J.: 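Here it is: the structure, laid out below.
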Amino acid sequence: MDAIAEIFMEILGELVLEGGVSAASDHRRPKWLRVLILTLMALFFAAVFALMAVGGVIMLKDGKPIAGVLMLALDLALVVLSVYSLRKILRTFSRR
(Lines give C-alpha, C1' and ligand atoms only; values in the text may rest on other atoms or scores of the structure.)
Protein backbone atom coordinates (compact mmCIF):
# COMPACT_ATOMS: atom_id res chain seq x y z
CA MET A 1 0.00 0.00 0.00
CA ASP A 2 2.90 2.35 0.71
CA ALA A 3 4.31 1.75 -2.75
CA ILE A 4 1.00 2.69 -4.38
CA ALA A 5 0.78 5.90 -2.35
CA GLU A 6 4.39 6.76 -3.18
CA ILE A 7 3.85 6.22 -6.91
CA PHE A 8 0.64 8.28 -6.80
CA MET A 9 2.33 11.17 -5.00
CA GLU A 10 5.28 11.05 -7.39
CA ILE A 11 3.03 11.19 -10.44
CA LEU A 12 0.91 13.96 -8.92
CA GLY A 13 3.97 15.98 -7.94
CA GLU A 14 5.52 15.59 -11.36
CA LEU A 15 2.32 16.66 -13.08
CA VAL A 16 1.98 19.74 -10.90
CA LEU A 17 5.62 20.80 -11.23
CA GLU A 18 6.05 20.06 -14.92
CA GLY A 19 2.63 21.47 -15.68
CA GLY A 20 3.44 24.60 -13.70
CA VAL A 21 6.67 25.17 -15.58
CA SER A 22 5.04 24.67 -18.96
CA ALA A 23 2.06 26.85 -18.00
CA ALA A 24 4.35 29.62 -16.77
CA SER A 25 6.29 29.51 -20.04
CA ASP A 26 3.23 29.45 -22.30
CA HIS A 27 2.67 32.73 -24.15
CA ARG A 28 -0.99 31.93 -24.83
CA ARG A 29 -1.83 32.32 -21.14
CA PRO A 30 -2.42 35.77 -19.68
CA LYS A 31 0.60 37.34 -18.05
CA TRP A 32 -1.11 37.65 -14.66
CA LEU A 33 -1.82 33.92 -14.62
CA ARG A 34 1.78 33.06 -15.50
CA VAL A 35 3.03 35.33 -12.72
CA LEU A 36 0.60 33.74 -10.26
CA ILE A 37 1.76 30.23 -11.19
CA LEU A 38 5.41 31.23 -10.87
CA THR A 39 4.78 32.86 -7.51
CA LEU A 40 3.04 29.78 -6.12
CA MET A 41 5.82 27.52 -7.35
CA ALA A 42 8.48 29.83 -5.91
CA LEU A 43 6.75 29.86 -2.52
CA PHE A 44 6.49 26.07 -2.52
CA PHE A 45 10.17 25.63 -3.34
CA ALA A 46 11.20 28.31 -0.83
CA ALA A 47 9.38 26.37 1.89
CA VAL A 48 11.04 23.10 0.87
CA PHE A 49 14.49 24.70 0.77
CA ALA A 50 13.92 26.36 4.16
CA LEU A 51 12.95 23.00 5.67
CA MET A 52 16.08 21.43 4.20
CA ALA A 53 18.25 24.19 5.67
CA VAL A 54 16.61 23.80 9.08
CA GLY A 55 17.17 20.05 8.88
CA GLY A 56 20.84 20.61 8.07
CA VAL A 57 21.29 22.97 11.01
CA ILE A 58 19.54 20.54 13.36
CA MET A 59 21.84 17.76 12.17
CA LEU A 60 24.86 19.97 12.84
CA LYS A 61 23.62 20.72 16.37
CA ASP A 62 22.87 17.05 17.08
CA GLY A 63 26.48 16.09 16.47
CA LYS A 64 26.10 14.80 12.91
CA PRO A 65 28.40 17.20 11.08
CA ILE A 66 28.84 15.19 7.87
CA ALA A 67 25.09 14.73 7.36
CA GLY A 68 24.42 18.39 8.22
CA VAL A 69 27.03 19.71 5.82
CA LEU A 70 25.79 17.40 3.06
CA MET A 71 22.21 18.53 3.62
CA LEU A 72 23.22 22.20 3.51
CA ALA A 73 25.33 21.61 0.39
CA LEU A 74 22.43 19.84 -1.31
CA ASP A 75 20.14 22.70 -0.31
CA LEU A 76 22.54 25.26 -1.77
CA ALA A 77 22.90 23.29 -5.01
CA LEU A 78 19.12 23.02 -5.41
CA VAL A 79 18.69 26.75 -4.76
CA VAL A 80 21.28 27.57 -7.44
CA LEU A 81 19.65 25.21 -9.96
CA SER A 82 16.21 26.65 -9.18
CA VAL A 83 17.42 30.20 -9.72
CA TYR A 84 18.90 29.11 -13.06
CA SER A 85 15.58 27.53 -14.09
CA LEU A 86 13.64 30.58 -12.93
CA ARG A 87 15.85 32.87 -15.00
CA LYS A 88 15.22 30.66 -18.02
CA ILE A 89 11.46 30.89 -17.50
CA LEU A 90 11.55 34.65 -16.87
CA ARG A 91 13.33 35.19 -20.21
CA THR A 92 10.14 34.03 -21.93
CA PHE A 93 8.23 36.99 -20.43
CA SER A 94 10.23 39.55 -22.39
CA ARG A 95 9.85 37.74 -25.75
CA ARG A 96 6.93 38.46 -28.02
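We number each residue from 1, following the sequence as shown. Predicted model only: the values in this text are computed from it and were never measured.
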J.: Check whether any side-chain heavy atom of Leu40 lies under 4.5 Å from a side-chain heavy atom of Phe44, and answer yes or no.
T.: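 No, too far: nothing below the 4.5 Å cut-off.
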J.: CZ of Arg29 to CZ of Arg34: how many Å apart, nearest 0.5 Å?
T.: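 One finds 10.0 Å between CZ of Arg29 and CZ of Arg34.
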J.: Drop me the distance from Leu51's CG to Ile58's CD1, to the nearest 0.5 angstrom.
T.: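 Separation between the atoms: 9.5 Å.
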J.: Side-chain polar contacts of residues 77-86 - donor-acceptor pairs under 3.5 angstrom, sequence neighbours left out - could you list them?
T.:
{"unit_1": "Ser82", "atom_1": "OG", "unit_2": "Leu78", "atom_2": "O", "d": "2.8"}
{"unit_1": "Ser85", "atom_1": "OG", "unit_2": "Leu81", "atom_2": "O", "d": "3.2"}

J.: So if you build clusters from Ile, Leu, Val, Met, Phe, Trp, Tyr with side-chain heavy-atom gaps below 4.5 Å, do Ile4 and Ile7 land together?
T.: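 No: no chain of side-chain contacts under 4.5 Å links Ile4 to Ile7.
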J.: State plainly whether one hydrophobic cluster holds both Leu72 and Leu76, where clusters connect Ile, Leu, Val, Met, Phe, Trp and Tyr through side-chain heavy atoms under 4.5 angstrom apart.
T.: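 In one cluster with Leu72: Leu76, no.
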J.: List the steps, then state whether side chain to side chain contact (heavy atoms under 4.5 Å, CB included) holds for Asp75 with Met71.
T.: CA-CA 6 Å; Asp75 187 34; Met71 180 69 84; 5.6 Å; no
J.: Treat each ILVMFWY residue as a node, draw an edge where side-chain heavy atoms are under 4.5 Å apart, and state whether Val57 and Val54 are in one component.
T.: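 Val57 does not cluster with Val54.
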J.: Could you list the residues that satisfy salt bridge (charged side-chain N to carboxylate O under 4.0 Å, His left out) with Arg87, not counting sequence neighbours?
T.: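 With neighbours one apart ignored, the set is empty.
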J.: Is there a side-chain contact between Lys64 and Leu60, using heavy atoms and a 4.5 Å cut-off?
T.: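 Contact flag for Lys64/Leu60 side chains = no.
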